[in-house]
Number of protein chains: 2
Amino acid sequence: MVQPILLDEQLCFSIYKAQKQFNHFYAQALSKYHLTYPQYITLLSLWEHGTMSVKQVGQTLSLDSGTLTPLMKRLEKDGWISRSRSTVDERRVDVSLTQKAEDLRDEIFEHVQSCATKVGMDLDEYRAVKASVDKVHEKLMAVSDGDLRY
Amino acid sequence: MVQPILLDEQLCFSIYKAQKQFNHFYAQALSKYHLTYPQYITLLSLWEHGTMSVKQVGQTLSLDSGTLTPLMKRLEKDGWISRSRSTVDERRVDVSLTQKAEDLRDEIFEHVQSCATKVGMDLDEYRAVKASVDKVHEKLMAVSDGDLRY
DNA sequence: GACAAGATAATCGTGTACAATAAAACATGA
DNA sequence: TCATGTTTTATTGTACACGATTATCTTGTC
């Protein structure tokens, strides 16, 4: 006899819902800049590392070009980034921040921080949760390299 | 001076990546049944509660009809569920499981469980992570009811 | 220098996700 | 009755997310 698997007792479902709620949180926090969460973390990566190829951005975000290309085009249309073929290696498309993105960096940081403060999480608790989620992520990565399909 | 916000130190990003990895895990685990993770949790909800309206399923999964209607149509096409207008209240569409879905329930449960075992998480640890993620979710819900947009 | 092998981005197809709107059906009070 | 407001589902439009394929470019290797 197999026990029923209750949705509300599953970690995957908790993370699924938390991720959606984070999306909603950032949708509100970033609405004045007309940025989505994936667009925001793309900018975060560029603010952190400077000009990079699409491939490199993808590695920092665990996203492939099928996701990034249209997302980048929207960011370019809205004046956050510029894209250009590398002259060194013409397979590469280098992505760099515009002056607008540089100028708004600190303002956006501060605004997001002020919104995050309202969530009211203790810093030690924050780090503890993050560490345990990271551990789950690592275990999932390890097992997904194998074959679960029979 | 504003400190740079490092992506790898952010809980939202950890949860974002963990959610994607869970998706990948279930994509492999469920590939022999041609089910995606959202389709699977839809079936889980129906296995748990029995026939429900689209609205009710949405409440158990935190999804709206814009997501569920096309998803349900695919589940119906693949023979997992049947959809029919309620005779009591003709605004409602009741969703019920087919014989195939009932028959495969225990087999799918067992198969998913066997895959989950390979992740190798301690039960106490599993519950601890889940509890802390749930707490984050609750805090995000609370703050998102307010207004973060100024 | 030609050619095979590998790298890189773009494109396409499928499947979520959600906001906004529309449409239909029910409930209620005047 | 019937007008009004509410509930419920469907539809539309925008934006990810990823697998598979394609096109182009670079780098050996001979």
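Bear in mind that the values here come from a model prediction, so they are computed numbers and not experimental data. Proteins get letters first, then strands, A, B, ... in listed order; numbering begins at 1 in each.
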Sugar-phosphate only, base, or nothing, as touched by B:Thr42 at under 4.0 Å among non-hydrogen atoms: nothing
Touch class at under 4.0 angstrom, heavy-atom based, for B:Ser86 against every strand present: nothing
Side-chain H-bond candidate by donor/acceptor type, A:Ser82 with A:Thr98, under 3.5 Å: no
Length of the CG-P vector between A:Asn23 and D:dC16, whole Å: 10 Å
N/O donor-acceptor pair, side chain A:Arg91 with base D:dT24, under 3.5 angstrom: no
Side chain of A:Lys55 (C-beta onward), nearest among C:dT11, C:dT8, C:dC26: C:dT8
Nearest-nucleotide comparison on DNA chain D, the residue closer to the 5′ end among A:Ile41 and B:Asp89: B:Asp89
Most 5' of A:Pro38 and A:Val88 on DNA chain D, judged by nearest nucleotide: A:Pro38
Distance-only donor-acceptor test, A:Thr36 side-chain atoms vs D:dA15 base atoms, 3.5 Å: no
Minimum side-chain heavy-atom gap B:Lys55-B:Arg92 below 4.5 Å: no
Sugar-phosphate only, base, or nothing, as touched by B:Asp64 at under 4.0 Å among non-hydrogen atoms: base
Sugar-phosphate, base or nothing in reach of A:Leu63, heavy atoms under 4.0 Å: sugar-phosphate
N/O (side chain, A:Lys20) to phosphate O (OP1/OP2, D:dC16) under 4.0 Å: no
Criterion salt bridge (charged side-chain N to carboxylate O under 4.0 Å, His left out) on A:Lys130 and B:Glu9, from CA distance to verdict: CA-CA 8 Å; A:Lys130 183 178 176 303; B:Glu9 288 176 9; over 6 Å; no
Touch class at under 4.0 angstrom, heavy-atom based, for B:Arg74 against every strand present: base
Closest to side chain of A:Arg83, choosing from C:dA9, D:dA10, C:dA10: C:dA10
Atom pair distance, as rounded to whole Å: CD in B:Gln19 and P in C:dT16: 12 Å
For atom CZ of B:Arg85 and atom C1' of C:dA25, their distance in whole Å: 9 Å
Of the listed nucleotides D:dA10, D:dG19, D:dT26, the one nearest the side chain of A:Glu90: D:dT26
Result of checking B:Val95, B:Thr42, B:Thr51 against B:Ile81 for side chain to side chain contact (heavy atoms under 4.5 Å, CB included): B:Val95
Distance-only donor-acceptor check, side chains B:Asp94 and B:Ser53, under 3.5 Å: no
Rounded distance (Å) that lies between atom P of D:dC18 and atom OH of B:Tyr26: 18 Å
Donor/acceptor link under 3.5 angstrom from A:Ser65 side chain onto base of C:dA10: yes
